[in-house]
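Since the structure comes first, as structure tokens, the remarks are kept for the end.
Residue numbers begin at 1 in each chain, while the letters A, B, ... track the order of the sequences.
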Amino acid sequence: MKLLKEFLAIVWRSPSGKASLLVFGLCLFLAAFGPLLAPYGATERSYDAAGDLVRLATPSADHWLGTTLLGRDVFSQILWGARPAIIIGVLTALGTVLIGVNVGLIAGYFGGRVDSVMMRITDIFLGLPFLPFIIVLLSLTGRSIWTIIFAMMIVMWRSTARIVRSQVLSIREMQFVAAAKSTGASDLDVLYKEIAPNVMPLALIGITFALAWSVITEASIGFLGFGDPDVVSWGSIIYQAYASQMMYRAPWWVLPPGIAIMVLVTSVYFVGRAYEEVVNPRMREMR
Amino acid sequence: MKSFVARRLWHMCLTLFVMITLMFFLFRMLPGDPTATVISPALYPKAQEALKAQFGLDRPLWEQYFVYLKNLASFDFGISFHTRRPVADAIEGRLLNTVLLILPSMFLAYVAGALLGTIVAWRRGSKFETALVFAATSLQSTPVFWLGMLAILLFSIRLDLFPIGHIVTPGLFPDNSLKMYVSADFLHHLALPFLVNALYQFCFPFLLMRSTMLSTIGEDYIELARMKGLKESRIIFGHAMRNSLLPLATTMPMILGWAVAGSVVIETVFSWPGLGLLMVEAVSRSDYPMVQATFLLIAVLTVAGTFIADLLYGLLDPRIVYE
Amino acid sequence: MKAFSGNIPDTVLNIEGLAVEYGTGTGPASALVDIDLRLDVGERVGLVGESGCGKSTLLKTIMGTLPANGAATGGTISLCGQDLLSLPESERRLTRWRDISMITQSALNALNPVQRVGNQVVEAILAHESVPRRQATERVRSLFKIVGVDPNRMREYPHQFSGGMRQRVVIAMALALTPKVVLADEPTTALDVVVQDQIFSEIRSLQEKLGFALVLVTHDLSLVVENCRRMVVMYAGVIVETGTTADIVKSPMHPYTIGLRNAVPVLGSDSDPIAIPGAPPNLTTDIPGCRFAARCPLATDECTAQFPPLRPAAGGRLVRCHKTDETQNFALKARDPAAWATPCDSP
């Protein structure tokens with residue numbers, strides 16, 4: 001909690017960080033209340049007075065961002081899509097960093113054979129083609145939000161692990177670690193009570209980048225047609241438009257979901273960078 | 001140097017071997033009929049039985065695994081469920097198409113990223129810098145397939161400058177001969193996906209180059225270079241840029257890997273007949289032999305890219321000693 | 001090398017009334033105030049002060065490489081009669097290194113790690129003289145010989161050199177254009193004592209042979225005693241005392257110089273070196289009086305209110321202190337840490 005407060009304080013101090021934090025806050029708000037605000041259901045079809053489906057309607061007062069080929073309101077779909085984007089992004093980022101930090105901590109602290117084995121494994125994961133592997137995994141496990149999160153986590157922890165490990169390697173040599181050891185603290189105590197707090201800034205940076213990256217990846221999965229069929233996400237809206245072959249006739253259908261992704265991810269990137277700019281020099285001093 | 005190359009090669013093989021093994025068992029350990037990954041369930045039961053015996057699927061799993069490895073060694077990837085023809089035939093040519101799309105655009109992205117990143121760091125604090133950094137970050141935050149769709153919408157549909165997808169005009173080169181790759185028609189088709197991918201890939205090296213340059217400019221040797229009375233351009237391009245290229249080189253393997261893996265998306269948008277598109281199609285058709293083969297090849301490209309980038313890094317930094 | 005009429009001392013570098021300010025987030029910081037410094041041909045002058053006293057800023061101002069937020073706001077720096085501060089940047093660039101060069105602090109970072117050491121010297125020559133590259137390289141070879149580096153190592157990279165060898169390369173670089181003035185900024189900080197002595201005797205003999213004037217900038221008083229006839233003491237951006245090294249070390253007249261001398265361990269003495277309590281002032285705040293007043297046990301209201309001028313004292317010395325009458329007395333008891341209690345400390 002204290003860490004989060006400090007994180008927010010640092011980001012808030014930079015102008016671009018402040019703006020991005022506000023934008024991200026808006027996305028969180030939409031994730032929470034978007035479905036309540038949406039004028040139509042996510043897959044609700046609109047009919048006109050004559051009872052015909054309102055297909056590919058241009059933006060109007062009824063449909064702010066027009067409708068899809070199946071008569072769904074694009075604006076409402078965008079609002080509905082914020083929730084899966086945030087849920088998938090945040091959970092994947094947390095899971096990724098949780099795995100990555102632990103692997104990095106253990107490998108860096110124990111060193112020796114533990115380190116070389118764990119880093120070999122990390123290297124193999126680094127060689128794994130990112131999106132193709134996720135798609136294969138999804139094709140085997142079935143497509144749902146949870147399998148998507150799981151698949152992304154499996155391939156994304158690798159970079160955090162490497163960064164954390166190299167930081168641990170230098171922290172390990174510092175005096176307070178030796179001091180803690182000399183008081184008879186167990187390895188686990190030293191690792192999680194003494195060393196772990198010092199890599200938390202790295203973990204926070206890792207979370208922001210994993211969050212940004214998983215939102216884009218989720219959209220890509222959706223676009224390739226491997227998304228959760230029961231969930232309207234920004235990626236799946238683009239996929240529907242693409243698959244219907246109508247996207248080039250209906251820019252109002254394609255543009256909004258892409259812009260939504262761009263705005264969310266950009267804000268996350270800038271938040272991460274505002275924090276990184278302050279914290280990185282500090283971390284470098286520790287080396 | 002020699003032993004370094006040997007060691008990296010050995011790591012590369014090990015990585016690939018683990019991936020092959022992983023894929024083999026992944027497809028066979030999953031619930032359902034394990035033979036379904038080798039023999040299409042769409043066949044008549046009798047035909048399935050016959051094939052099972054023929055492929056030795058009645059044998060234990062580990063024996064099948066060695067047969068699979070042996071076949072791989074002779075580039076035998078099995079039979080496609082979809083086309084009923086050898087997977088190897090379908091893959092032929094796809095690899096080249098992917099490389100032709102990804103590598104040149106990555107090259108352009110890196111050269112442009114390094115140069116513009118340098119210039120922007122030189123002109124730090126200017127409006128030009130702020131605008132470019134914001135643009136690059138936003139661009140990096142957009143899904144590349146969406147960028148591709150926008151490009152098609154604008155340049156192909158509205159302005160009618162480029163064809164919509166495909167590698168050449170269908171029917172123009174019925175025999176798929178190599179002549180296709182030197183035709184103007186090919187370049188015309190290549191242009192849009194090439195530019196979109198290059199633009200997207202540009203963001204990372206650009207932003208990294210800028211931030212590295214900004215910290216390099218503060219180094220003592222840069223100040224000394226200035227004291228020596230060198231021209232500003234020589235200080236920036238001769239001293240600062242050269243040093244700032246190192247982090248760019250370190251991250252290149254990772255980015256190259258992402259780009260190859262990202263081919264699944266960019267090829268899908270532009271209907272570019274590369275490995276990525278083939279793989280996406282194969283996955284949606286549950287054409288498992290094809291999935292395994294395409295995945296493996298994409299992995300080979302990724303890992304080989306890492307290997308080459310590692311060697312390049314040594315050329316840039318004299319402090320690296322290959323042991 | 002260049003011949004000069006060595007009999008008559010001739011001023012080569014003359015700094016008068018120099019002031020430098022940095023723009024900071026909390027307003028301008030006056031980094032240098034009223035700097036006067038004269039350097040004669042072939043002279044060795046020591047410039048002493050704690051880190052942060054403005055030594056580096058002074059050097060950067062002389063070289064013309066102040067960061068973008070810093071600027072000279074007054075005074076002149078004249079080199080052989082020509083004011084450097086009024087030169088346009090294009091001409092200023094050409095005078096750099098050709099007339100005044102520098103032996104930098106910590107040669108580890110001063111050399112570009114990814115370029116061959118020989119090239120880094122060659123490029124300095126090529127930036128100023130239109131000579132063929134081969135000829136420049138030849139000159140660097142002989143320079144390397146002069147400073148005691150094997151010329152065959154020109155194609156090696158900095159990381160292949162030891163600290164002492166790297167420092168020699170940096171010296172070779174400083175001499176490449178036979179400058180009139182060489183500024184040596186803590187030239188041996190990162191080196192062990194033996195190498196330090198080697199480097200200094202090298203610098204001294206080169207200086208006598210080539211006849212450039214040398215400014216040795218250091219926080220280490222003993223180095224100045226060994227190498228320089230004249231010295232300048234700086235504190236918080238001002239010169240507090242100048243004179244011959246022998247005089248100043250024997251009987252320092254500024255309280256800060258007294259403290260500085262006491263901070264040096266004396267061989268054979270049973271008293272421990274003591275440091276001056278407190279820290280240099282924050283230069284972004286406006287200090288109307290003496291900049292040392294806050295740490296000075298002799299400080300009075302006059303000291304905190306009025307900026308003291310640099311007054312002449314016996315033996316051609318200049319001292320910036322209102323209390324020069326009392327300092328002789330203070331110097332005697334200054335070995336006792338209790339003597340450093342400032343008026344503000346007592347209740």
If one checks every heavy atom of A:F226 against chain B at 4.5 Å, the contacting part turns out to be side chain
Cut-off 4.5 Å, heavy atoms of chain B, and the answer for A:F130 is both
- Task: Kindly indicate whether the side chain of A:I261, heavy atoms from C-beta on, has any atom under 4.5 Å from the side chain of B:T142.
- Result: no
Looking only at B:T137, B:V291, B:I298, the option with the highest number of non-hydrogen pairs under 4.5 Å against chain A is B:T137
So, the part of A:L128 with a heavy atom under 4.5 Å from chain B: the answer is both
_Expected output: side-chain A:S166 to main-chain A:I163 donor-acceptor under 3.5 Å_ = yes
When rounded to the nearest 0.5 Å, the distance separating OG1 of B:T268 from CZ of B:F145 is 10.0 Å
_Hydrogens and angles aside, do B:S244 and B:T216 bring a side-chain donor and acceptor to less than 3.5 Å of each other?_
yes
Legend entry - Side-chain (A:T122) to main-chain (A:R158) donor-acceptor, under 3.5 angstrom: no
Scored by heavy-atom pairs under 4.5 Å with chain A, the best of B:S284, B:A261, B:A299 is B:A261
Residues A:G108 and A:L169: closest non-hydrogen pair is O-CD2, 3.6 Å
Answer key: most heavy-atom pairs under 4.5 Å with chain B among A:P251, A:A241, A:G258 is A:G258
Heavy-atom closest pair (A:D228 atom, A:I145 atom, distance to 0.1 Å) is OD2-N, 3.0 Å
Note: vs chain A, highest number of non-hydrogen pairs under 4.5 angstrom among B:V260, B:V144, B:T294, B:I152 is B:I152
Here the gap from A:S267 atom OG to A:M262 atom CE, rounded to the nearest 0.5 Å, amounts to 11.5 Å
Pair count under 4.5 Å, heavy atoms only, with chain B: among A:R273, A:R249, A:R120, highest is A:R120
Minimal heavy-atom distance between A:Y269 and B:S141, with the atoms involved, is CD1-OG, 3.2 Å
Pair count under 4.5 Å, heavy atoms only, with chain A: among B:L301, B:V283, B:V18, highest is B:V283
Ranking A:P129, A:A212, A:S159 by heavy-atom pairs under 4.5 Å to chain B gives rank one to A:P129
All heavy atoms of A:V155 vs all of A:F133, minimum pair found to be CG1-CD2, 3.5 Å
Please check: side-chain N/O of B:S126 versus main-chain N/O of B:E129, any donor-acceptor pairing under 3.5 Å? yes
| Got A:I10 and A:R13 here, is their nearest side-chain heavy-atom distance under 4.5 Å? | yes
Max heavy-atom pairs within cutoff under 4.5 Å with chain A, candidates B:A282, B:S138, B:P143, goes to B:S138
Turns out that what part of B:M23 lies under 4.5 Å from chain A's heavy atoms comes down to side chain
Tightest non-hydrogen contact, residues A:F270 and A:S16, listed as CD2-OG, 4.3 Å
If one checks every heavy atom of B:M149 against chain A at 4.5 Å, the contacting part turns out to be both
task = Output yes when a side-chain donor or acceptor of A:T147 lies under 3.5 Å from a complementary backbone atom of A:G142, and no otherwise.
result = yes
The interface call for B:L147 against chain A, heavy-atom contacts under 4.5 Å, is neither
Check your understanding: Is there a side-chain contact between A:L79 and A:F75, using heavy atoms and a 4.5 Å cut-off?
Key -> yes
Checking heavy-atom separations under 4.5 Å from chain B, one finds in residues 214-222 of chain A A:I216, A:A219, A:S220
Query raised in the report: Is B:Y288 close to B:S286 at the side-chain level, that is, under 4.5 Å between some pair of heavy atoms?
Result: yes
Okay, B:I157 and chain A: the region with an atom under 4.5 Å from a heavy atom over there is side chain
Turns out that what part of A:W213 lies under 4.5 Å from chain B's heavy atoms comes down to side chain
Cut-off 4.5 Å, heavy atoms of chain B, and the answer for A:L137 is side chain
**Asked** Does the ring center of A:F223 lie less than 6.0 Å from the ring center of B:W146?
**Response** no
Tightest non-hydrogen contact, residues A:G66 and A:W252, listed as CA-CD1, 3.8 Å
Expected contact set for residues 269-280 of chain B against chain A at heavy-atom separation under 4.5 Å reads B:V269, B:M279, B:V280
